[in-house]
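This report refers to the structure that appears directly beneath it.
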Amino acid sequence: MSRPDDPVLWARELQRIESLRGSYAKRGNPDADVTLGIAVANVDQLRGIALRHLKRYPEAIAALSESSTRLQKTWTLAGCAQPSPPARCAELDDLRALTASLEANVRRDQNDPDGMGRALGSSVAFSRRTSTYRERLNAAVAGLFGLQAFKPGGALLLAEMKAAIDERDNPRLLSIVAAADAAYGRMFTAVSWNLQTRKMRENDPRDFVDNTGIGIGRRQKYGMTDPDEDHATFVTVMVEEELFIDQQQGAPSPERIKRGGYASADDYLKNIRITDYVRAEMAAGNFEPVVKYLNQAWMFGTLSSSQGLVCLDPPPKIRFDEVARRLRIAPAGTVSPVTVEVFSALDEASRFVAGHCHARPRR
Amino acid sequence: MKKEVKTTVGWIAVVGGLASAAALLTSVLNLGGRIFPSDSLEVGVVSVESLGRPTVRITLRNTTADPMVLTRAELTFDQAQVTERDTHASTELTAIPYTWIITSLEAEKKLSSIPLSRRLEGKEPIVVDFVMGFERPHTTFDARATLHVTYNDGRKAESTPFALRIVNDAGQFPQFDFPTTDSDLINALRGSETGYAVRQIIDELARRQVQSASPDVQRHLASADPATLTAVANYFRAVRDPSACTGLAKLVTSDDAQVRRAAMGALVAQGDPAVPEVERLADSASPAVRQAALTMLGELPGERSVNRLRQALDDRTTSTSAMGEPIVTTAVAIRALARLRAVSESGRIVQKLSDRETGVAEAAIDAVVEMQIREALPALRQMASGGNATLRDQATEAVAALTR
């Protein structure tokens, strides 16, 4: 269509589609004819698209729902529920996935991220046996993250992991875990940055660390230069704390202390106590550092693209319920909704992993 | 400081030192209501390097015998292009000075401007250097630029186009070239309109704790930019000025979490002079604002705070927490009283251990531990064997903490 936003054209298109639908109704019974069933479902999809462009959203949802119901019946009629379904079922799975993703588009236009998440979840679930599965999974998560709907995005990934575990589909589980690893990494970025523009959301140096140590009190820190550097510097400090404080593996080099701009070894050590730092910031009502910390502390080794889900031993030094409790009593409106959303997604994921420790498909 | 400079166009000119260029241009002049009939200003621009940065050197000459006033400088861009640098990682962070920052939005709009306030005497030539910066890290900004200078009552003169290239390498971030003296820094704030520069100057004023900047900083309380409002609030964490309390109190009602948090911190930092404003907030119709005020009162020791918090112990209204759960105002008041160590309220806090709302009982448990109220032990032991799992665990920990 040369002018996709032109309502007159869409109104004309809708008329054409409705007339086509009327003609199909005369051709036979779609409940008993797979080809006709697919044709009717296609027409309802098109009707949903046209109605969406005309901003008649409830009617668009109804049309897509009719398409979905028709496809479900046709899917059963075609014998797709069998353990070894006919080849035609791949086409039906694709159509069902497409219908659900069209519904997700309507939900997005309606500014309904939860509804969009449910529709995308269905779209991904329908595509499990198709070649477009990974593509749909990644696109669904990216679409939800684009709306800062990190919790629905995370929930979708967890639902897919659960299905793969239940179906004992090891390769699919590993590919979902790889997608989840990347997705939770993007959540780290989202705490301080806009994922689309890569611009800083909150210009607060306390949320970042420097290229050597935390740089407590500094106004500009190296982690503020770029989302990648934010991540790299944060992880570095966590590793430094692990090495020099927790495991006491030697002492930091004087050159490193000097390069980091620290006056003494004690000053440097204070600036790598990231656990104490994020806890203190949390007590002061600043939750961004602790959410970044939990993201990394939890993700280290938990999502393994070779082993699946791995339980942390020992668990992170700051517990999710400790942070949740602080969030519950923080004065209203003082915590960024994105930070809360990322925390909630991580919290759900950590519970899921704990419930499926060392989860691999049973053989 | 003034010095003579031989410019590339061969004029002898009088300029301020590079770092004080902005301050020089923004110094307030007494114009005395004079009318300036002339309209002849010659503008020359040369791109040079200064401090290793691209610098726009403006040469201006009033060709008439009458004085004139320069009011604005604008750069318009033709073929503006922003490209990402290949290298993102660096081993160190380097502040790159600027006196004129071009923001990403300005690059998109192909227009960047700064206010001027400079009087030129008849026939006077001047040279002014602007060290150019571009807001976005690790990018190169390339453009063909034209400088337009507005003078007198809206007349304009423009330069011929010239090439402008600003490179931000990995690890480099643009930082305003802060003048050494506080008064020049305040002048720089007066002459800055770009949020990026304004925020950096206010941050620097906060770091230096420049009390005399308070009226100029307060002018930015009207900003629509949350980052600027946060910078303003953070300034008042470092500087005490009772005249700022009303403006800061308004920020407590902001929809932006960072602004709200920073404003609360700033009001608390003002100490006693903030109490009347915080009390006003405590009377707000919005439970969320009321609760924010009660939280602040918990950081403002004194009988007035305790009295107001005591009243709030019976306030059963709720706001919604970050986790989407209700927060009862009573619970907020209990926590605030605990921070004030208000022993006079110990009895009432212990009574709240048996409150029907779990959130209130939780707050009371935290409070009796924080205030070390051992009289609460019998009630806590009862809760430790009670039916509410959340309270049971917390009460058990509280008993342990009080009997340690």
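Side-chain contact between B:Ser104 and A:Lys199 is present, with at least one heavy-atom pair separated by less than 4.5 Å.
When all heavy atoms of B:Arg261 and A:Val335 are compared, the closest pair comes out as NH1-CA, 4.4 Å. Of all non-hydrogen atoms in A:Arg219 and B:Glu204, the two that sit nearest each other are NH2-OE1, 2.8 Å.
Note that CG of A:Leu327 and OG of B:Ser321 are 8.0 Å apart. Values are rounded to the nearest 0.5 Å. For the atom pair B:Leu93 CG and A:Met224 CE, the distance stands at 9.0 Å (nearest 0.5 Å). The CG atom of A:Asn203 lies 9.5 Å from the OG1 atom of B:Thr228; values are rounded to the nearest 0.5 Å. Taken from CG in B:Asp256 to CD in A:Glu202, the straight-line distance is 6.5 Å, to the nearest 0.5 Å. The distance from atom NE2 of B:His138 to atom CG of A:Asp226, rounded to the nearest 0.5 Å, is 3.5 Å. For the atom pair B:Asn168 CG and A:Thr225 OG1, the distance stands at 11.0 Å (nearest 0.5 Å).
Ion pairing between a basic and an acidic side chain is recognised when a charged N comes within 4.0 Å of a carboxylate O; A:Arg325 and B:Asp366 show such pairing.
Heavy-atom pairs under 4.5 Å with chain A were tallied for B:Gln291, B:Gln258, B:Arg260, B:Glu362; the largest tally goes to B:Gln258.
Only the side chain of B:Thr295 comes within less than 4.5 Å of a heavy atom in chain A; its backbone stays farther off. If you measure heavy-atom distances from A:Asn211 to chain B, the contacts under 4.5 Å come from the side chain alone. For A:Ala324, the parts lying under 4.5 angstrom from a heavy atom of chain B are both the backbone and the side chain. Interface residue A:Glu288: only side-chain heavy atoms are found under 4.5 Å from chain B.
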